[in-house]
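Worksheet: the structure to be examined is printed underneath.
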Amino acid sequence: LKKNMENKNLLVVGGLIVKKNKILICQRSSDNDHPLKWEFPGGKVKTREEPLQALKREINEELKITIKHPIYLCDYMFEYQDLNKKVKLLFYLINEYSGEISNIVHNQLKWIEIKQLSDYDFLEGDHEIIQKILKNDLKIN
């Protein structure tokens, strides 16, 4: 039972990649959990992995870029009621990276203006940070 409880508390990192007032958003593939929902690149932190390590690894796996100097923005807990799982989300701002962004795992990638974030159907867990960004509580550009 204890092991099962641990799985319910996931640590997830997300990267807000911002360039020239645009932000990169990613659409999940159709054969994934939460198919075709939009999200920020990132993913689960593995056991004995630091959140920043996980962010670098996940973004490299998903986009084939190497991020530099990510800036911590905020974190919060989110509970997916239907899945009975709680996640702690940590978000980082990424203004610098090396390499060319490639789409490895997503259905599609899009650069959008920050004010357009509310036009896309994001994962529920991302709604809180999107509200913070749109209200300008978080300075991301």
Side-chain angles (χ1 to χ4, degrees), residues 2-141:
K2 182 156 182 343
K3 184 156 180 32
N4 205 8
M5 288 304 296
E6 287 170 28
N7 291 342
K8 299 258 153 74
N9 282 322
L10 295 169
L11 198 55
V12 172
V13 287
L16 276 58
I17 302 176
V18 176
K19 190 166 81 176
K20 300 188 185 115
N21 282 345
K22 295 263 172 96
I23 187 165
L24 184 73
I25 63 171
C26 309
Q27 189 180 38
R28 294 171 74 92
S29 70
S30 52
D31 54 4
N32 214 308
D33 290 355
H34 315 289
L36 302 180
K37 290 270 192 189
W38 290 87
E39 64 178 358
F40 299 109
K44 295 182 186 76
V45 180
K46 293 178 176 172
T47 318
R48 291 189 288 282
E49 192 177 38
E50 290 297 316
L52 275 174
Q53 267 178 299
L55 185 71
K56 289 179 175 168
R57 175 184 55 73
E58 285 279 353
I59 286 185
N60 185 260
E61 287 169 10
E62 292 182 4
L63 302 173
K64 286 284 170 262
I65 56 172
T66 303
I67 61 173
K68 301 178 176 181
H69 317 299
I71 302 156
Y72 168 79
L73 284 171
C74 71
D75 65 77
Y76 54 84
M77 293 296 297
F78 180 78
E79 193 164 353
Y80 282 95
Q81 300 291 353
D82 50 337
L83 303 172
N84 188 22
K85 72 175 178 184
K86 257 197 177 130
V87 289
K88 183 175 187 184
L89 298 154
L90 290 90
F91 289 98
Y92 295 84
L93 176 62
I94 299 160
N95 290 313
E96 290 178 67
Y97 59 86
S98 60
E100 285 295 313
I101 290 180
S102 309
N103 182 3
I104 308 299
V105 297
H106 289 95
N107 189 49
Q108 57 174 324
L109 305 178
K110 259 187 185 176
W111 287 100
I112 64 167
E113 287 179 44
I114 287 160
K115 64 175 185 287
Q116 295 174 296
L117 282 167
S118 51
D119 300 342
Y120 291 85
D121 183 19
F122 271 83
L123 284 178
E124 285 177 86
D126 289 341
H127 291 177
E128 187 171 334
I129 189 157
I130 288 169
Q131 287 313 307
K132 288 180 195 291
I133 293 166
L134 292 172
K135 292 204 301 249
N136 217 16
D137 294 345
L138 295 172
K139 302 282 178 267
I140 65 164
N141 60 346

- Heavy-atom pair with the smallest gap, counting every atom of V13 and P51: CG1-O, 3.6 Å

- Task: Working to the nearest 0.5 Å, report the span between NZ of K56 and CD of E61.
- Result: 14.5 Å

- Task: Test side-chain contact (heavy atoms from CB on, under 4.5 Å) on L109 and L63 and set out the steps.
- Result: CA-CA 10 Å; L109 305 178; L63 302 173; 3.8 Å; yes

- Can you tell if the side chain of I94 reaches within under 4.5 Å of the side chain of L55, non-hydrogen atoms only? yes

- Note on the structure: Applying side-chain hydrogen bond (donor to acceptor under 3.5 Å, both in side chains) to Q27 and not counting sequence neighbours gives N107, Q108

Name every donor-acceptor pair, under 3.5 Å, that has one atom in a side chain of residues 124-133 and the other anywhere in the protein, sequence neighbours excluded.
{"unit_1": "H127", "atom_1": "NE2", "unit_2": "F122", "atom_2": "O", "d": "3.1"}

- Measuring from L90:CG to Y76:OH, what's the distance to the nearest 0.5 Å? 10.5 Å

- Task: Heavy atoms only: give me the nearest L117-L134 pair and the separation to one decimal.
- Result: CB-CD2, 4.4 Å

- Message: Please report the interatomic distance NZ(K22) to CD1(I114), rounded to the nearest 0.5 Å.
- Response: 10.5 Å

- Does any non-hydrogen side-chain atom of I112 lie less than 4.5 Å from one of D119? no

- Task: Supply the atom-to-atom distance N21 CG to I140 CD1, rounded to the nearest 0.5 angstrom.
- Result: 9.5 Å

- Here the gap from L16 atom CG to Y92 atom OH, rounded to the nearest 0.5 Å, amounts to 12.5 Å

- Note on the structure: For P41 and C26 the tightest heavy-atom approach is CD-SG, 3.7 Å

- Item | With Y120 via side-chain hydrogen bond (donor to acceptor under 3.5 Å, both in side chains) - residues at least two apart | K110

- Task: Enter the distance from I71:CD1 to L73:CG here, rounded to the nearest 0.5 Å.
- Result: 7.5 Å

- Task: Quick one: list whatever passes side-chain hydrogen bond (donor to acceptor under 3.5 Å, both in side chains) with D137, sequence neighbours left out.
- Result: none

- Do side-chain atoms of E62 reach the backbone of I104 as a donor and acceptor pair under 3.5 angstrom? no

- Query: Do W111 and I17 have side-chain heavy atoms sitting under 4.5 Å apart?
  - Reply: yes

- Query: Which is it for T66 and Y97 under the side-chain contact (heavy atoms from CB on, under 4.5 Å) test, yes or no, and what are the steps along the way?
  - Reply: CA-CA 5 Å; T66 303; Y97 59 86; over 6 Å; no

- Note on the structure: For L93 and N95 the tightest heavy-atom approach is CD2-ND2, 3.6 Å

- Considering residues at least two apart in sequence or located in another chain, which fulfil the side-chain hydrogen bond (donor to acceptor under 3.5 Å, both in side chains) criterion with Q116? none

- Message: Is there a side-chain contact between K88 and D75 in this structure, where contact means two heavy atoms from C-beta onward sitting under 4.5 Å apart?
- Response: yes

- Query: Is there any salt bridge (charged side-chain N to carboxylate O under 4.0 Å, His left out) pair reaching into residues 33-52, and which pairs are they, with sequence neighbours excluded?
  - Reply: R28-E39, K37-D121, E49-R57

